[in-house]
Amino acid sequence: MEDGDLALFPGAGLQVRNHDVHYPFRQQSDFWYLTGHQEAGSLLMLAKGVDGCAEETLFVLPKDPERETWEGIRLGPEGAKSSLGFADAHPLSAISERVGKALEGASRLWYRLGEHPETDSLVSEALADLRRRVRTGVRPPAAILDPVTVLHEQRLFKDPTELDCLRRAGTITEEGHRTVMGLARPGGTEFELEAALHWVFRSNGCDGAGWSYPSIVASGNHACVLHYTSNDGPLTDGDMVLVDAGAEFKGYAGDVTRCFPVNGSFSAPQRAVYEVVLAAQEAAIAKVVAGNPFDEIHQAARSKICEGLVQLGVVQGTASSVEESGEYKPWFMHNTSHWLGLDVHDAGSYHVDGDSRPLEPGMCLTVEPGLYFREDDSTVPEEFRGLGIRIEDDVVVIAEGGPEILSVGVPKSIEAVEEACAAQGVSLPGGVEG
Ligand code: GLY
Ligand code: MN
Ligand code: MN
């Protein structure tokens, strides 16, 4: 920010679920990153050399003993200063007047239009008011800039405190995956595994409902639906289950996928496909080295997947002909990696001047190739139909050598997965008659 700059960052508001019930509150990630404030409806104003403005002002819900009796204790403006260290803080009712005044003294405004209708209106009304008064000597800001261009670059590089949160999300996610591997059995259900995951996440103090995105527990052919979330099917003997689930710790996401047999033992076709995806994932992880372009990760996974498709007899030709022609796409239709952080698909650009971005220490990302053979896909050998395999880990680029794997403890080799499936003593309370 330059002298005369003002920036506005609205927090998330409550969202109605039905009638007078709200969805569980989840703070907007940029706002959380900048403030550490968890209450709904807040606004952050930053100012540099703007007359009458502190550098940081937080607008928050006012103290209100009656509302607090129903809804819980609020920090209030004084608390925002003493607990969060803000130079200045005011109740929400002061926003309109104070933002209007601040804009009057600002030469540029950093604000992301189009994401928060309430603040969009506030800004456009304040600007319209200033324009009406130009003959009195008022000068409205000459430019509106998108703060995300700067902020999301900052969010892309995780500092040591953020890495600790991501590590904790990783170990809690590990416990969730281990638990469901031990619990699954023929006759069980996807929703029971979903409940177990969330029990582990929440009981370890994770935020909100405990997860960083709705968990995917997909047995059999359901695994071929990439974002399957109904999780209401049975666990059938002979099927695999795909579990894509991550804990959210202090806003930081885990995002891990594992696949395991319902009955605990891989069949030969399951093993064959799993080994192809595992080889692709390991080759891709090996490319997570500082200096390598981001796209090399996907290229490495894609080559191994193509090699595997030829080996499995799904396609004819050579690995390179399959790769070049794009014949692999019906079964490997997504990319291999995305940034990971406060958002599961985290902030940060993937290209610099049109080229794939070189990896740098502190970047956190997933590595998650997959193969999906739908049960109605008559083009693949019958033994593979109804099988969807994805293997996903969370990794951090470090200064030298291969990445730190945040989800390193989640069983992954065939032996480790079968061992976790055979673990004794994993149980949760059973169902209720009715
Ligand atoms: N769980 C969402 C993803 O893997 O990208
Ligand atoms: Mn995932
Ligand atoms: Mn992912």
Side-chain angles (χ1 to χ4, degrees), residues 26 29 155-156 158 165-167 169-178 180-181 190 193-194 197-198 200-201 206-219 222-231 240-249 251-260 274 277-278 280-282 284-285 287-288 294-295 297-298 300-302 305 331-348 350 359 363-372 388-397 403-412 417:
R26 192 338 179 131
S29 297
R155 277 181 50 190
L156 178 55
K158 275 64 182 179
C165 292
L166 284 160
R167 287 188 188 107
T171 50
I172 298 170
T173 298
E174 172 189 338
E175 194 183 329
H177 279 268
R178 277 188 185 280
V180 294
M181 286 179 191
E190 293 169 347
L193 301 192
E194 177 190 350
L197 286 163
H198 298 171
V200 171
F201 296 166
C206 285
D207 313 323
W211 42 260
S212 48
Y213 55 91
S215 299
I216 297 168
V217 182
S219 63
H222 293 158
C224 298
V225 178
L226 298 178
H227 285 168
Y228 174 83
T229 50
S230 53
N231 301 347
M240 296 279 290
V241 198
L242 178 153
V243 175
D244 182 348
E248 182 173 283
F249 187 76
Y252 289 83
D255 180 11
V256 171
T257 307
R258 289 294 187 268
C259 299
F260 52 91
Y274 192 92
V277 177
L278 184 56
Q281 206 242 8
E282 285 173 345
I285 289 181
K287 295 290 181 186
V288 183
F294 180 88
D295 281 356
I297 306 169
H298 183 55
R302 195 174 56 199
I305 289 283
W331 309 289
F332 179 32
M333 64 297 272
H334 57 75
N335 270 323
T336 300
S337 297
H338 55 79
W339 305 132
L340 183 73
L342 286 173
D343 294 318
V344 63
H345 298 157
D346 204 34
Y350 292 89
L359 298 172
M363 291 172 162
C364 179
L365 55 135
T366 66
V367 182
E368 49 175 311
L371 269 177
Y372 310 90
I389 305 284
R390 177 166 64 253
I391 304 175
E392 176 174 27
D393 279 308
D394 303 339
V395 304
V396 181
V397 184
E404 174 182 351
I405 304 179
L406 299 168
S407 45
V408 69
V410 188
K412 186 161 78 168
V417 169

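The chain is numbered in sequence order, starting from 1. Read the numbers this way: they start at 1 and go in the same order the structure lists the ligands and their atoms.
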Keeping the roles fixed (side chain from Ser407, backbone from Asp394), state whether a donor-acceptor pair exists under 3.5 Å. yes
May I ask you to decide if Asp393's main-chain N or O and Lys412's side chain share a donor-acceptor pair within less than 3.5 Å? no
Residue Glu392 atom name (nearest to the Mn ion (ligand 3); N/O/S): OE2
To the nearest 0.5 angstrom, please state how far the NE2 atom of His345 sits from the CG atom of Asp255. 6.0 Å
N/O/S atom name from His338 that is nearest to the position of the Mn ion (ligand 3): NE2
Ignoring hydrogens, what is the shortest heavy-atom contact between Ser215 and His198? Give both atom names and the distance. OG-NE2, 2.7 Å
Electrostatic pair Arg167-Glu404, nearest N-O below 4.0 angstrom: yes
Angle, OE2 of Glu368 through the Mn ion (ligand 3) to OD2 of Asp255 - 10° precision: 150°
Step through it carefully: locate the ring centre of His227, locate the ring centre of Tyr213, and say whether they are under 6.0 Å apart. no
Tell me if a side-chain donor or acceptor on Asp207 pairs with a main-chain N or O of Gly251 at a distance below 3.5 Å. yes
Mind jotting down which protein residues get a heavy-atom contact under 4.0 Å with ligand 1? Chain and number order, please. Tyr213, Asp244, Asp255, His338, His345, Glu368, Glu392
